[in-house]
Engineer: 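If you scroll down you'll find the structure; I have some questions about it.
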Amino acid sequence: MPEGHTIHRYAREHRRWLRGRAVEVSSPQGRFAAGARLLDGRTLLTVDAYGKHLFYRFQGAATLHVHLGLYGGFRELRMVNSERGGDGWSVAEVPPPTPGTRLQLRTPEVTIRLSGPTSCELLDPDGETRIRARLGPDPLRRDSDAEAVAAALRRRTTPIGAALLDQKVVAGIGNVFRAEALFVCGTAPLRPANLLDPDDFQRLWATIRGMLAEGLRMGRIVTVEPAEVGKRTRGRLLADERHYVYRRAGLPCRRCGTAIRAFKLAARTAYACPTCQPW
DNA sequence: GCCGGATGGTAAG
DNA sequence: TTACCCTCCGGCG
């Protein structure tokens, strides 16, 4: 779930439901109890996404920082009778939080629960600045600086597949987008980052931005072009039909039929087609 | 029902 | 590089 597009989607949803509202904040699990007490009842001013990080700014309080890590996630329960209408839960029916619920944000309209995050913490005054200082440009932000990413890549002799996962170079890419973007660009993950020429980079940057934006729009990662989609089950794509190479080790490449290879790169499993991404 | 991996990151060795 | 964090889910039986 959580690459950059997921984080931006959460930010958008949480802004929509919580911005300008007094929020009841609690920590059913207890591990964020002290922080929750400090935020409880305060008005949420903004929610901002930067790479894979979320920042919640409350009136008169420290900023809440959330990072989902590998398996963190939010669950949203909308209340029925909300002025915005639609289906939802009545207060009496709302299921109790799971024991792992680190954070709960509640208004009369919605209950949002966070489980399994790597971080859920209150930041000191320059905490957000410190975190953002170690993040490269975020392709999902309007102000993202492509030239800064190009410059960072030129300085690296490490494989491009490692550089793309380094959040200091570019913020928000995870293992799925690494595999898929490099495949679409015909670039081998092991190619040294500094050997990409300007055309290679432009193509890669445009691909990454497009994929993240599409993931944000769709709410999931679907990188395969519609014309290349194969099997469906009742109109829905099978899990391994949504990607070109990610998690398809040993299966035939959609473009050329060569068996997809998997190998470790930057401590994660990388996937590539040896024919379409010549080394 | 259990087992193992997973779209991440950090800190230790 | 490796261990660990801590949760969910699919594959297997």
Engineer: Without decimals, in angstroms, what is the distance between A:Y244 OH and B:dT7 C1'?
Structural biologist: 19 Å

Engineer: Picking from B:dA6, C:dT2, B:dG9, which would you name as closest to the side chain of A:Y271?
Structural biologist: B:dA6

Engineer: Quantified in whole Å, what is the P atom distance between nucleotide B:dG13 and nucleotide C:dC5?
Structural biologist: 14 Å

Engineer: Got a sec, which residues hit ring-ring contact (aromatic ring centres under 6.0 Å, His included) with A:F32, two or more places apart in sequence or on another chain?
Structural biologist: none

Engineer: With a 4.0 Å cutoff (strictly under), does any side-chain N or O of A:Q167 reach OP1 or OP2 of B:dG9?
Structural biologist: yes

Engineer: The side chain of A:T98 lies closest to which of these nucleotides: C:dC8, C:dT2, B:dG8?
Structural biologist: C:dC8

Engineer: Could you check whether A:R134 gets within reach of a base, just the sugar-phosphate, or nothing at all, counting any heavy atom under 4.0 Å?
Structural biologist: sugar-phosphate

Engineer: Distance check needed: B:dG9 P versus A:D166 CG, whole Å only.
Structural biologist: 10 Å

Engineer: If you look at every strand shown and take non-hydrogen atoms under 4.0 Å, does A:Q29 touch a base, only sugar-phosphate, or nothing?
Structural biologist: sugar-phosphate

Engineer: If I take atom CD in residue A:E180 and atom P in nucleotide B:dT7, what distance separates them, rounded to the nearest angstrom?
Structural biologist: 12 Å

Engineer: Within the pair A:H67 and B:dG9, is there a side-chain N or O less than 4.0 Å away from OP1 or OP2?
Structural biologist: yes

Engineer: Closest approach to the side chain of A:S115, judged atom by atom: which nucleotide of B:dG8, C:dC8, C:dT2 is it?
Structural biologist: C:dC8

Engineer: Whole angstroms only, please: what is the NE2-P distance between A:H5 and B:dG8?
Structural biologist: 10 Å

Engineer: Just jot down the side-chain hydrogen bond (donor to acceptor under 3.5 Å, both in side chains) partners of A:T43, sequence neighbours excluded, or say none.
Structural biologist: none

Engineer: May I ask you to check if A:R248 and A:Y271 form a cation-pi contact, with NZ or CZ under 6.0 angstrom from the six-membered ring centre and within 45° of the axis?
Structural biologist: no

Engineer: Starting the side chain at C-beta, find the nucleotide from C:dT2, B:dA6, B:dG9 nearest to A:A267.
Structural biologist: C:dT2

Engineer: Below 3.5 Å, can you tabulate the donor-acceptor pairs from side chains in residues 51-61 of chain A to any protein atom, sequence neighbours excluded?
Structural biologist:
{"from": "A:K52", "atom 1": "NZ", "to": "A:I173", "atom 2": "O", "distance (Å)": "2.8"}
{"from": "A:H53", "atom 1": "ND1", "to": "A:H65", "atom 2": "NE2", "distance (Å)": "2.8"}
{"from": "A:Y56", "atom 1": "OH", "to": "A:H14", "atom 2": "ND1", "distance (Å)": "2.7"}
{"from": "A:R57", "atom 1": "NE", "to": "A:E128", "atom 2": "OE1", "distance (Å)": "3.2"}
{"from": "A:R57", "atom 1": "NH1", "to": "A:T46", "atom 2": "OG1", "distance (Å)": "2.8"}
{"from": "A:R57", "atom 1": "NH2", "to": "A:E128", "atom 2": "OE1", "distance (Å)": "3.3"}
{"from": "A:R57", "atom 1": "NH2", "to": "A:E128", "atom 2": "OE2", "distance (Å)": "2.6"}

Engineer: Please tabulate, for the side chains in residues 147-155 of chain A, all donor-acceptor contacts under 3.5 angstrom to protein atoms that are two or more places apart in sequence or on a different chain.
Structural biologist:
{"from": "A:E147", "atom 1": "OE2", "to": "A:R154", "atom 2": "NH2", "distance (Å)": "2.9"}

Engineer: For nucleotides C:dC8 and B:dT10, find the distance between their P atoms and express it as a whole number of Å.
Structural biologist: 22 Å

Engineer: If I take atom CD1 in residue A:I131 and atom C1' in nucleotide B:dG8, what distance separates them, rounded to the nearest angstrom?
Structural biologist: 15 Å

Engineer: Rounded to whole Å, how long is the line connecting atom NZ of A:K264 with atom P of B:dA6?
Structural biologist: 6 Å

Engineer: For A:K52 and B:dG8, give me the distance from atom NZ to atom P, rounded to whole Å.
Structural biologist: 4 Å

Engineer: A:Y246 has a side chain; which of B:dA6, B:dG9, C:dC8 sits nearest to it?
Structural biologist: B:dA6

Engineer: Give, ordered by number, those residues of residues 117-124 of chain A having at least one heavy-atom distance below 4.0 Å to an atom of DNA chain C; if nothing qualifies, reply none.
Structural biologist: none

Engineer: Any side-chain heavy atom of A:L64 sitting closer than 4.5 Å to one from A:L103?
Structural biologist: yes

Engineer: Tell me which of A:R31 and A:R75 sits closer to the 5' end of DNA chain C, going by the nucleotide each one is nearest to.
Structural biologist: A:R31

Engineer: Check A:M79 against A:V94 and note the closest heavy-atom contact, atom names and distance.
Structural biologist: CE-CG2, 3.6 Å

Engineer: Do any pairs count as a side chain to side chain donor-acceptor pair (under 3.5 Å) and have a residue in residues 185-194 of chain A, sequence neighbours left out, and if so which ones?
Structural biologist: A:R191-A:D200

Engineer: In whole angstrom, what separates A:L68's CG from C:dC5's C1'?
Structural biologist: 14 Å

